[in-house]
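Below you'll find the structure, written out as structure tokens, and then a few comments.
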2 protein chains.
Amino acid sequence: MNNAVASALVQAAHRVEARLEEALAGVGLSIAKFETLSILVSQDRPIRLSELASKLVCVRSNVTQLVDRLETEGLVKRADDPADRRAVRAEVTALGRKRQAAGTPVVNAVLQDVANKLAAVDAQVLKRALDAVQ
Amino acid sequence: MNNAVASALVQAAHRVEARLEEALAGVGLSIAKFETLSILVSQDRPIRLSELASKLVCVRSNVTQLVDRLETEGLVKRADDPADRRAVRAEVTALGRKRQAAGTPVVNAVLQDVANKLAAVDAQVLKRALDAVQ
DNA sequence: ACTGTATCATTCATATATGAATAATGCTGT
DNA sequence: ACAGCATTATTCATATATGAATGATACAGT
């Protein structure tokens, strides 16, 4: 079957995401929330929501809702952009930093385990091939 | 980085799914709808919604909504199960068959192209590795 | 300076997905 | 026969995602 490899790729990714969701649920996060917090922590400065959308590779209306939920949980705080009155910037709170830090080893453990399961293929070769997909 | 391969896997799969969604949109379908129709066509008999959920690897409430939308579009029809009054069976309509048939080459073209992009790794070896992921 | 266009975040409608709660029906052990 | 448990689909609340429409603000060219 021509389709078999590509289908297997998509299905494997779904299983990985399911594991990540389950693992992150243990520290009160989802993949979307963890990724958002990780960007905010790594930048370590208030980020425009449109910049966040671009880094998350999603549309802005999604970020609006995501930040709504993160703000409700006290993990993120919205602040005006002094340089542009249209813009809103998101900033990670101390609790958000703590939560992201709790999620990191959890995520890494899953990703490491997945990498081990893929050991039949050279990691470098595989990564290059995957990055070449579209 | 330990994470790199597993992350690349998930991201590549997202790109594949985005391509599939875009390609299927051209024939008036989504991935979820195409997969559902494909199951109904391949079985060629009325299927219980719970059986559909099991084949789609999702929860039943999702199937209820999916079949709602498919039924609204006239691609699927609900029918009572004469053997079990709790059950509802879904059946593909003639239009549903036509739509699924239109989607098939579109999906195969994308999957084939993805397989080509993965050609640096032996397809059999890669498939086995991917299937071994959890 | 002003007009038109672009950009920003939000809101709304919708699709996909989960999980809890519910109601109807089926089945098993006594 | 029936009590208790299991199964079925649906509904509801919610999360994640998209895209169109909106309103506010910025900016470019005249």
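Just so it is clear: chains get the letters A, B, ... in the order the sequence lines come, proteins before strands, and each one is counted from 1. Everything quoted here is computed from the prediction, not taken from an experiment.
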Worksheet item: Does Arg69(A) make a side-chain N or O approach to OP1 or OP2 of dT16(D) shorter than 4.0 Å?
Response: yes
Discussion item. Any base atoms under 4.0 Å from Ile31(A), or only sugar-phosphate, or nothing? Heavy atoms, all strands.
Written reply: nothing
Worksheet item: Nearest-Å distance, NZ (Lys33(A)) to P (dA17(D))?
Response: 11 Å
Item to complete: Would you mind telling me which of dT18(C), dT10(D), dT16(D) lies closest to the side-chain atoms of Gln65(B)?
Response: dT18(C)
Discussion item. Taking CG in Asp80(B) as the centre, count heavy atoms belonging to other residues, nucleotides or ligands within less than 6.0 Å. Is the count above 12?
Written reply: no
Discussion item. Looking at Arg89(A) and Asp84(A), is any side-chain nitrogen of the basic one under 4.0 Å from a carboxylate oxygen of the acidic one?
Written reply: no
Worksheet entry | Asn62(A) CG to dA20(D) P, straight-line distance once rounded to whole Å | 15 Å
Practice prompt. Describe the nucleic acid contact of Arg78(B) in one word from base, sugar-phosphate, nothing, applying a heavy-atom distance below 4.0 Å.
Written response: sugar-phosphate
Fill in: Which residue lies more 5' along DNA chain D, comparing Leu66(A) with Ser50(B) via nearest heavy atoms
Ser50(B)
Item to complete: Describe the nucleic acid contact of Ser61(B) in one word from base, sugar-phosphate, nothing, applying a heavy-atom distance below 4.0 Å.
Response: base
Worksheet item: To the nearest angstrom, how far is Glu21(A) atom CD from dT16(D) atom C1'?
Response: 9 Å
Worksheet item: Counting distance only, does the side-chain N/O of Arg99(A) pair as donor-acceptor with the main-chain N or O of Gly28(A) below 3.5 Å?
Response: yes
Item to complete: Classify the nucleic acid contact of Asp84(B) as base, sugar-phosphate or nothing, counting any heavy atom under 4.0 Å across all strands shown.
Response: sugar-phosphate
Worksheet item: Is the number of heavy atoms from other residues, nucleotides or ligands under 6.0 Å of Asp122(A) CG greater than 12?
Response: yes
Worksheet item: For Leu49(B) and dT7(D), what is the distance between atoms CG and C1' respectively, to the nearest whole Å?
Response: 13 Å
Worksheet item: Between dT18(D), dT16(C), dA9(C), which nucleotide gets closest to the side-chain atoms of Thr64(A)?
Response: dA9(C)
Discussion item. Rounded to whole Å, how long is the line connecting atom CZ of Arg48(B) with atom P of dT25(C)?
Written reply: 14 Å
Worksheet item: Where each residue is assigned the nucleotide of DNA chain C containing its nearest heavy atom, which of Ala87(A) and Asp68(A) is assigned the position nearer the 5′ end?
Response: Ala87(A)
Discussion item. Let's test your reading of the model: under 3.5 Å, does the base of dT25(C) pair with the side chain of Arg85(B) as donor and acceptor?
Written reply: no
Worksheet entry | Polar side-chain atom of Glu21(A) near backbone of Ile31(A) as donor-acceptor pair, under 3.5 Å | yes
Worksheet item: Base, sugar-phosphate, or nothing: which does Val59(B) touch, judged by heavy atoms less than 4.0 Å apart?
Response: base
Discussion item. Expressed as a whole number of angstroms, how long is the span from Glu17(B):CD to dT18(D):C1'?
Written reply: 14 Å
Discussion item. Output the rounded distance in Å from CZ (Arg89(A)) to C1' (dT7(C)).
Written reply: 17 Å
Worksheet item: Choosing from dT7(D), dA26(D), dT16(C), which nucleotide comes nearest the side chain of Arg86(B)?
Response: dT7(D)
Worksheet item: Which whole-number value in Å describes the distance from Asp81(A) CG to dA24(D) C1'?
Response: 14 Å
